[in-house]
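Inspection log for the structure reproduced underneath, given as structure tokens.
A, B, ... follow the sequence lines: proteins, then strands. Residue 1 opens every chain.
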Amino acid sequence: MIVLRRIGRLWLVPVVIVVWELATRALGDDSFPPPSTIAGRMREMWLTGPPSRLWINDSAIANIPPSVVRLLGGWLAAALAGVTLGLLLGRSALLSRLFEPIVHFLRAIPPPMLLSFFLALFAIGPEMQVATIIFGVIWPILINSADGARTIDRQHLDTALVFGLSRGQRLWRVILPSATPKIFAGLRVSLSLALILMVISELVGSTEGIGYQLLDARRSYDRPGVWATIVILGVLGFLLNSAFLAVERRVLSWHRTAKQTT
Amino acid sequence: MTKGTLSRGAAGVCGFLLIAEALGRTGVIDPVVLPLASTVLGETLGLAADPDFLLQLGNTLDACGVGLLFSVAIAVPAGVLLGTFRKVERSARPLVEFLRPIPSVALIPVAQFLFRDPEYAKVSLVIFAASWPLLINTMYGMREVDPLAKETLRSFGFGPLAVIGRVSLPSAAPFIVTGLRIAVSVTLIVAVSVELFVGGTGLGTFMSAAAAGNQRAEMLGAVVWAGLLGLAANGLLAGAERRLFRWHHARTGEPAR
């Protein structure tokens, strides 16, 4: 029953696809191919391989995993550095007063502005792409972690002190867990930002990747190819966000139950 | 902000600049690779009097401003609609969830199909990208409206439009302004990206031109201005938020700093 109701809520999706198909066919404009053409092009671009490999072809393997690896690698590196620095700033009033203005300034820089600079610094390649992603996404994580570490219930810290927890234990058992909800909020914002920066850094400087395929399709006036890449990027964004939400639900389940009991 | 935090913040900035300058002067970081802090600062000041830079900057801000106005006009009413009528929201949700994760910069080629003029392509993408945070925040805000307040107005005989205008919109306003703040930073990201790829006039084109001449100090000067502007816009909106919505912070128990 629940499954049926879930499916029932999706009724608008097929309706929109059918209307899109009919409208684009009636329009007959090459720039706006019907969804069936886009789906066909997607199959040609990525799914012409042997059945033993789930039809995934060499072009898909050469382009999609490198993009995803750069995206996740940059994001994870930014997460590690951002959380560490954030906790540091959040727990030290002096450090936070010294560095907060710089952090807020760096966060305010639109990351694409630095793209040309990183390109001059690293030349075309994965280093420049990962550097762009890390620099672009670290600030929301850092600021949220600092915020989470700063606003910890006084009672929890005092209790930890009374029970004689060491500095490290306090960090792991009290500070980090209570900052987690805010840290996750920052991580979620930066994940979608990382996807944007992955695409844009590949558009400027790369020789493989999904962004490169987009550029390639545009250069060769392969309009269905452009749309196909956009769809795959949307699917990637959707999957990343869903996976993140699933992890967040698991990690923060204690937080919700703890809130209910108090 | 007290005097103490201000002076410590200034000390932090000065310390950062001095260390960067020292690293460059002693040769730890090659000044050719990364220009000296003093060179960048000089370039930053020089750009303020550079008519070409100001023109490009103005153009980017123009596109951002116009795009933002349009996205407010589109996304806020849409958010009110979706937030008020549960059924509409439930049907539209899958569509929103599929459209929102599409990275806005991936749509640059589509915007080019639609508009030959890069300026139109830029504004249309800014509208698209800035609409999502506004829509989502308006929807959240509408959902948080106190049902008792709505019922009270209804039982006094107010129509649905009056309920929206007198209760729902004012109580959702803090959420909408938060969405606006996110949207402002999004507009800059998208506008600069489009300028980098498609061309036209603006900060992105300025950066590509400076990169072509390997003018690193000039590039960093432009970056500093972009950061300062972003900071100013954010500070302005955050200040307005605190001032206008003190009652909201008081109600939710947040410190109204």
>> Heavy-atom cut-off 4.5 Å, strictly under: side chain, backbone, both or neither for A/Leu115 against chain B?
In response: side chain

> Would you say the side chain of B/Val13 lies within less than 4.5 Å of the side chain of A/Ile102, judging by non-hydrogen atoms?
Replying inline: yes

> Where does A/Phe238 contact chain B at under 4.5 Å (heavy atoms): side chain, backbone, both or neither?
Replying inline: both

> At a heavy-atom separation under 4.5 Å, does B/Gln112 approach chain A through its side chain, its backbone, both, or neither?
Replying inline: side chain

>> Below 4.5 Å, heavy-atom pairs only: which of A/Pro111, A/Pro110, A/Gly237 has the largest tally toward chain B?
In response: A/Pro110

>> Quick check on A/Leu94 against chain B: is it the side chain, the backbone, both or neither that has a heavy atom closer than 4.5 Å?
In response: side chain

> Hey, does A/Phe117 have a side-chain heavy atom less than 4.5 Å from the side chain of B/Leu34?
Replying inline: yes

>> Under 4.5 Å from any heavy atom of chain A, what part of B/Val190 do you find: side chain, backbone, both or neither?
In response: neither

>> Out of A/Val189, A/Thr151, A/Leu236, A/Leu121, return the one with the most heavy atom pairs under 4.5 angstrom to chain B.
In response: A/Leu121

> Where on B/Ala191 is there a heavy atom nearer than 4.5 Å to chain A: the side chain, the backbone, both, or neither?
Replying inline: neither

> Is the shortest heavy-atom distance from the side chain of B/Val224 to the side chain of A/Phe105 under 4.5 Å?
Replying inline: yes

> Does the side chain of A/Ser31 come within less than 4.5 Å of B/Leu114's, by heavy atoms?
Replying inline: no

> Which atoms of B/Leu188 come close to chain A, meaning under 4.5 Å heavy atom to heavy atom: side chain ones, backbone ones, both, or neither?
Replying inline: both

>> Which atoms of A/Val204 are under 4.5 Å from chain B, going by heavy atoms: the side chain, the backbone, both sets, or neither?
In response: both

>> Need one label for B/Ser193: side chain, backbone, both or neither, based on atoms under 4.5 Å from any heavy atom in chain A.
In response: both

>> If you count heavy-atom pairs within less than 4.5 Å of chain A, which of B/Leu228, B/Val186, B/Asn214 leads?
In response: B/Leu228

> Of the backbone (N, CA, C, O) and the side chain (C-beta and beyond), which part of A/Leu240 lies under 4.5 Å from a heavy atom of chain B, both, or neither?
Replying inline: neither

> B/Met207 versus chain A, heavy atoms under 4.5 Å apart: side chain, backbone, both or neither?
Replying inline: both

>> Can you give me the closest heavy-atom contact between B/Val105 and A/Leu203, atom names plus distance?
In response: O-CD1, 4.3 Å

> Quick one: are B/Ile189 and A/Leu193 in side-chain contact, heavy atoms under 4.5 Å?
Replying inline: yes

> Relative to chain B, which segment of A/Leu214 carries a heavy atom at a distance below 4.5 Å: side chain, backbone, both, or neither?
Replying inline: side chain

> Given that the side chain runs from C-beta out, which part of B/Ala106 has a heavy atom under 4.5 Å from chain A: side chain, backbone, both or neither?
Replying inline: both

